[in-house]
Every structure is written in C-alpha cells, then in structure tokens.
Q: 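Okay, here's the structure, questions in a sec.
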Amino acid sequence: MKSDLIHDLVVAALSSALSRAKDSGELDLSTLPALTVDLPKREEWGDLSSNVAMLVAPKVRRPPLEVATVLASILKDEGQDLFDRVDVAPPGFLNFTIHPSRWGDTLKIIEALGSAFGSSQIGKGQRVLVEYVSANPTGPLHVGHGRGAALGHAASNLLQATGYSVQREYYINDAGRQLKLLGASVLARYQEYHGLPFTFPDDGYHGTYIHAVAEAMAQELGATLLDVNPEEAEEQSSAFACMQLLERIRQDLRVFGVEFDEWYSETSLLGAGHLTKALEYLKEKDLVFQKDDAWWFRSSQFQDEKDRVVAKQDGTYTYLASDIAYHRDKLHRGFDSLINIWGADHHGYVPRMQAAVQAFGYRKEQFRVVLVQMVNLLRAGKKVEMSKRAGEFVTLREVVDEVGADAAKFFFLMRRSDSHLDFDLELAKRQSADNPVYYVQYAHARIASLFRVAESRGIQVPSLQDVDLSFVTTQDELRLIKQLSCYPGIIEASAASLEPHRVTFYLQELAAQLHTYYNKHRILPSHDPGVVGESQEDGGGGFSASLDDPSAQEHRETVTPELTAARLALMRQVQTVIRNGLAVLGVSAPEHM
RNA sequence: GCGCCCGUAGCUCAGUUGGAUAGAGCAUCGGCCUUCUAAGCCGAGGGUCGCAGGUUCGAUUCCUGCCGGGCGCGCCA
C-alpha cells in the first residue's frame, strides 16, 4: 500500500477515472497506460499535471483535448474532496489544483515518518551487491577514486532507501602482475635506501609514496630482505607494500566517510579455487576453447565484438579470468543483481563482463555498470596538472584534508556521472552562497538556529497535531510544501537510474526556497514589537529605499502565536527533508555553521 | 579506422517513458541587515539546445549523416 501523498492520490484518482471511462464506454481502452503526475512548469497551470490524455489519445483514436475533457469531468465528480479545480489545457494536459487543506497531510506524513520519509519498499528486499572504488593497492587513492567512492556510497544509500538489501564491496586486486611490479619497485627503493646498487623495473611505480613504503619496510624488517634470494625478497616486498597501501586506502576512505561491508581479496578468490571452477564450467559448456596455445572465452556469443583471452600462452591467467570468477562468485553468493562503479576508461570491458554473467546462465540485466568520468581539479579556475605516469597526482586525502569530507562528497555528486567534473578547490572551501554545499547545509543550520532562539524565548516547536494548519496554506507555504512532497519521487527516480546528482539538485532547490521563505516571512514574533509600524526619524533615502523593497516590508509582518506555531512546524518538516537528502549523499546536516 | 560518452546562456551544468513560453548556479550590473544566522534575499541583462536531414499533432529528448572534444580498441590491470 502506498502512502497518502498527494501525488499518489492523484494517480489513483486518474487511474480510477480511466477505468470508469473504459467501463462506461466513453473511452475505448484495452490497456491502461503508465500514469505519472508532474509539477507543471508554471504555477498558473495548477499544482500538478498529467499528460495521460495525450498518451491515450492515439489508442482511442480521438483528439487529446476530447480525452482530457472526458477525464476531467469524471474527476470533477469523483474527486471533490481532493481537487479544487481540474482544468484542461491544450494540447491535452490535465491540470489539477489541489484543495489547499489537503497539503497539510504531506506535512503530517513527513512528521510521522521522520528519517524514513522518502524511503520505500520498491526493492522488495532484493539483494544487490554494489562494488565500488576497488582501486589496486599499488598507490594512494586519487580524486578520480574519490568520485567513484562518493557515487558508490550514495547509490548504495539510495538503493537501501528504496527497499533493497545492499552489500557494499571493495575488490582487492592483491594478486597478479601489478602487485609484482609494486613489490619490485619498493624493493628497488629499499636497496637504494640501504645504499646498494639497484635496478628499477620497467613500468615500475614511481612517485614519492614508493620511497615512503620502502623506508617503512626498512624500519620494520631491517636489512633482512637483502639476505634472502631475489624472488623471495620480491614476494615479501609485495606483501608488505600491499598491506601498507591497503591500510592507507582504508584510512583515506574512513576519513572520507565511505564504508564497506566486505573487502574481498583476489588472493582469497584464487585460494578457494573459484577461478579453476569457473573455467572448468565454461570449458564444459564449450564457452572456453584453446587456440594458439592460449585459452579464450567465447564472449562473442554474447554480443561482445570478439573473443577474449583468459589464459595466456605462458600459462598465467589474465585479469579478465579472475574477474569472471569474481562475478560468478558474487552471483553464487545469492545476489539478485550486481552493480559496478567503474572509471569510464574501462567502458570497453562492459560487454565482456555482461557476456560472462550470461555465460553462467544469468540475465544480462542482473549486471549494471555505472561509468564515472574524469575529475578535473581546479584551483581558482586554473587546472591542476596531474601525471599519473610520473606518480604525480593529487590524492583523495589531500582534497579531503583541504575542503572537508562533506564538501568533497557534495561536489563529486553535483554532476551526472558520465559527464566530466570540474572540481574547484577554492570554491569548495569558500564559506558563502557561491558554495552549494554550504548553501544547503546553511538552510538546515538556519532552521536549527531558529529553533534555538524560539526555545530561548520559551516557544516550543509544536507537533503538527497541535497546530492549525490553515495558517500555512498561503502561496509561499504551499510552494514549500509542494517541493517537500516531491522528495519521495526524487529518491525513487534517483535510485532507479543510479543518479544521486538528482538529489543534489533537488536539495539546492529546496534550500533556495527555504532561504526565500525565511527572508520574506517572520516566524517568531518580532523581538522588539515597538518597531512594527513605527515611523523613523531619519525618513531620508535609506529608509524609503527599504520601503520600496517588498521583502523588507514583509519583514515587518506581525505574527500571532498560532501563525508562529504553524510556521515552526512547517520549518521542522523542511529540516527533516534536507537532513534526509543530505544523509543519502553521505553529507552531514549541521546544527551550527 | 571501429566502438562508447559528451556538445544547452560568457563559464560550469540540470532538463524525469518525446509535451505547454528551454532552467539553475557562477560571473556581470542594480538594490536589501535596528528584529529568527547577510554563510542570506530581491531585481536586470544574457539562447540558432553543435550542424543538416528524418520520424509526428508535438523533438533539447528518438533515428541517420556530418563537425568538435574525451576515452577505449593488449595473451596490461
């Protein structure tokens, strides 16, 4: 059963009007279309609108306006308790004006649900595994990883809020060539540290952090690695470096406020024999075959453009092989669907992983990939140059230390993931309205502050049942309430499309409306009532200028205790929705700024 | 060469299964604090939705071609 939000009530009314029209023969419908209601672009067009008549028109072979008129007349009869007006507008829109008293219900729902407002059970408890970051433990996280982390975190929150059971997972590539290279690089620096001759590996890892790891290794292990044979030394070096760097990654993510349920190690995957099992299964199905002394996965059978090598001529496995095994394991663990957050430079791998999922007998749709585009770091409008090859990049940690975890997360989530992101460090630090993070957080803190002042004057924020809601039904209040009522729909759409930026945009809009309202209307009685209506001595330019400003005049409006109570209660609900939205993004909702 | 993503105001970007007169922030300009946080508000200007076709009652949205930018096309990860 759905909530009694206005949107749902209108959809229900529309749907019953459609079936009435069908039953009475007024509209010759076989199937009912999917119904949606939206906020119209202009307030003159009412509170909510529907384009259903235009969707239905071709099916019943009648002009949209006619269909709309039929529906409108039914709705006027049946929905008298809900609608003030039902209008028909060309080319066939139905525009609804809701009875003002009904909007109070929205506030009551928010108060009753609190932090659960916006949540739903659409996911029906289905199990989803979200894998994100999964950076190789061969260096610290950089800003690109940060974007993936923020996105994976927010997407997981969204899925959880819509009724999915979510597992957050980080896959550790702690086996294979890259790790060997890491070990060799660190070992070389370790030898250098001990004043010995060394050969730095081709394609080795540069960057100062390698020196730091080597030094730590020297301090912890002394010179012991100099005595063992080279292979053994490299192995130990790999293990040490991996552990160190992974610990740093964990720490950076903790400071960033991004958590995981499971850190899944490739070594453990291999140790459990999952790779051989996966390949055996595929061989049996004739989906893996031998050619040119290598083993190939027949991914082209599943819309990949060509087959892919899983075991090389030298007998070692490719990265793809263990990834296939990993995803098979995920599915075998009983997850209904898998979501991966990947850097956009990996987009070429999507078809082959989809192929793998299907090769194991699962549906293609059970595997979704969200691609995250590059982050351009700017400082006061100028691009910060980074060279990954030379090991010169700005780390996530540096950014978080500089601008804070909240600002960093919010900025990472301000754009659609598949568009490039310009991240201006100076802007993220700025404490003004230019900075969207502060703007939204300030709205929350401002309400909190208002409540503190109220309390200091002995005024409690009332529960809605003690409030006469007819006091909050003017245009300015309705505008706010309407925005609040959209929140569950935003969460739902945002979760379905895995696009947290919609929440970010929504919050900026809600905060703007709050600030506007706050500036225009008084909530508490004036501190000094004597000022109201009193004329000033210096009736010169300054004063008349403020009279010309409509907002300044409104500022002097007198408020009764009933009005104060109603507005405080409204503010409480606005605060709840801002807090809920920020929570989805993983951003804190401060009481003070 | 092939594939994927992007192209919307000076800049950065939203735009929900195709809908009404295309939006926001920044920047620019002009106003607003004696009262609840000015970390805020109000107002103004600013557009060939990359270009050309097509689909239809209707296209920023879908299709085709082209132009421009990014990325990918390893028995690397």
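Each chain gets a letter, A, B and so on, in the order its sequence line appears, and its residues count up from 1.
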Q: If you compare every side-chain N and O of A:R567 against the phosphate oxygens of B:C36 (OP1, OP2), does one of them come in below 4.0 Å?
A: no
Q: Using purine N1 to pyrimidine N3 plus N6-O4 or O6-N4 for Watson-Crick, or N1-O2 and O6-N3 for G-U wobble, both under 3.5 Å, which nucleotide pairs with B:C51?
A: B:G65
Q: When the P atoms of B:A9 and B:G18 are considered, how many whole Å apart are they?
A: 24 Å
Q: So which nucleotide from B:C42, B:C36, B:A20 ends up closest to the side chain of A:S49?
A: B:A20
Q: For the side chain of A:N519, starting at C-beta, report the closest nucleotide among B:C13, B:C36, B:C41.
A: B:C41
Q: OP1 or OP2 of B:G15 versus the side-chain N and O atoms of A:H501: is any pair under 4.0 Å?
A: yes
Q: Any N or O donor-acceptor pair linking the side chain of A:R502 to the base of B:U16 at under 3.5 Å?
A: no
Q: May I ask you to evaluate whether A:R446 reaches the phosphate of B:A38, defined as a side-chain N or O under 4.0 Å from OP1 or OP2?
A: yes
Q: Under 3.5 Å, is there an N or O donor on one side and an acceptor on the other linking the side chain of A:H347 and the base of B:G3?
A: yes
Q: Heavy atoms from C-beta onward define the side chain here; which of B:C73, B:U12, B:C36 lies closest to that of A:D422?
A: B:U12
Q: Counting only Watson-Crick pairs (N1-N3 plus N6-O4 or O6-N4) and G-U wobbles (N1-O2, O6-N3), all under 3.5 Å, who is the partner of B:C26?
A: B:G10
Q: Would the base of B:U17 count as contacting A:T36 through its side chain, where contact means a donor and an acceptor less than 3.5 Å apart?
A: yes
Q: Under 4.0 Å, counting only non-hydrogen atoms across every strand here, what does A:F505 touch: a base, just sugar-phosphate, or nothing?
A: sugar-phosphate
Q: Any idea which of B:C36, B:C13, B:C6 is nearest the A:R416 side chain?
A: B:C6
Q: With respect to the side chain of A:R415, which nucleotide from B:A38, B:U17, B:C13 is positioned closest?
A: B:C13
Q: Does a distance-only test, which skips hydrogens and angles, find a donor-acceptor pair under 3.5 Å between the side chain of A:N95 and the base of B:A20?
A: yes
Q: Can you see whether A:Y506 engages A:Q483 through a side-chain donor-acceptor pair at a distance of less than 3.5 angstrom?
A: no
Q: Is A:S419 close enough to B:C5 that one of its side-chain N or O atoms is under 4.0 Å from OP1 or OP2 there?
A: no
Q: Are OP1 or OP2 of B:C76 and a side-chain N or O of A:K312 less than 4.0 angstrom apart?
A: yes
Q: Measure the distance between the ring centre of A:Y439 and the centre of the six-membered base ring of B:A39, then answer whether it is under 5.5 Å with planes under 30°.
A: no
Q: Under 4.0 Å, heavy atoms only, any strand: does A:A493 hit a base, just the sugar-phosphate, or nothing?
A: nothing
Q: Taking the side chain of A:L450 as heavy atoms from C-beta outward, which of B:U12, B:C36, B:C76 is closest to it?
A: B:C36
